[in-house]
Amino acid sequence: MYSEQVMDHFMNPRNVGEIENPDGVGEVGNARCGDIMKVFMKIENDIIVDVKFKTFGCGAAIATSSMSTELIKGKTVDEALRVTNKKVTEALGGLPPVKLHCSVLAEEAIKAAIEDYKNKQAEKQTADSI
Ligand code: FES
């Protein structure tokens, strides 16, 4: 039912954990099942130099969280915003249709973390200009 890549990322998820003093944090819940993903980012000069996640969810949610953090690491924030759940699912060799909604969690958490980063940057700029 699950591809080898899904099983691999579920059994050995990459980038699990937290980052101290992150530049962006995003936390989202899946309305359909109540599962939660939290993502932490370290961003330097608009490049995601490190990313970690914590997902309280099903195997598909953990596998997509793991793969999506791998896909955005080292990328610019704009490139990361273009990593959709479809791309993550493709990189995992597909998901069963009933589990597709699980892949949305990672995409939304990444977007939320980047938004948090952008808000913090805007606040800093305002503070610097006063
Ligand atoms: Fe909740 Fe998969 S069942 S994210």
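Atoms within each ligand, like the ligands themselves, are counted from 1 in listed order. When a residue number appears, it is its place in the shown sequence, counting from 1. Everything numeric here is computed off the predicted structure, so don't read it as measured data.
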Review point. CD/E90 to CG/N85 distance, rounded to the nearest 0.5 angstrom?
Key: 10.0 Å
Check your understanding: Checking only N/O/S atoms, does C102 have one that is under 2.8 Å from atom 2 (Fe) of ligand 1?
Key -> yes
Check your understanding: For K111, which of E115, E107, E108 qualifies under salt bridge (Lys or Arg N to Asp or Glu O under 4.0 Å)?
Key -> E107
Review point. For ligand 1, which atoms have a heavy atom of A61 less than 4.0 angstrom away?
Key: 4 (S)
Check your understanding: Hey, which atoms in ligand 1 end up nearer than 4.0 Å to a heavy atom of C33?
Key -> 1 (Fe), 3 (S), 4 (S)
Check your understanding: For ligand 1, which atoms sit closer than 4.0 Å to a heavy atom of K99?
Key -> 2 (Fe), 3 (S)
Point to revise | H9 and I62, any side-chain heavy atoms less than 4.5 Å apart | key: no
Review point. Have S65 and T55 got a donor and an acceptor in their side chains that come within less than 3.5 Å?
Key: yes
**Study point:** N, O or S of C58 under 2.8 Å from atom 2 (Fe) of ligand 1
**Key:** yes
Exercise for review: Quick one: look up the protein heavy atom nearest atom 4 (S) of ligand 1 and list residue, atom name and how far away it is.
Suggested key: D35 OD2, 3.2 Å
Check your understanding: Are side-chain N/O atoms of D8 and Y2 paired as donor and acceptor at under 3.5 Å?
Key -> no
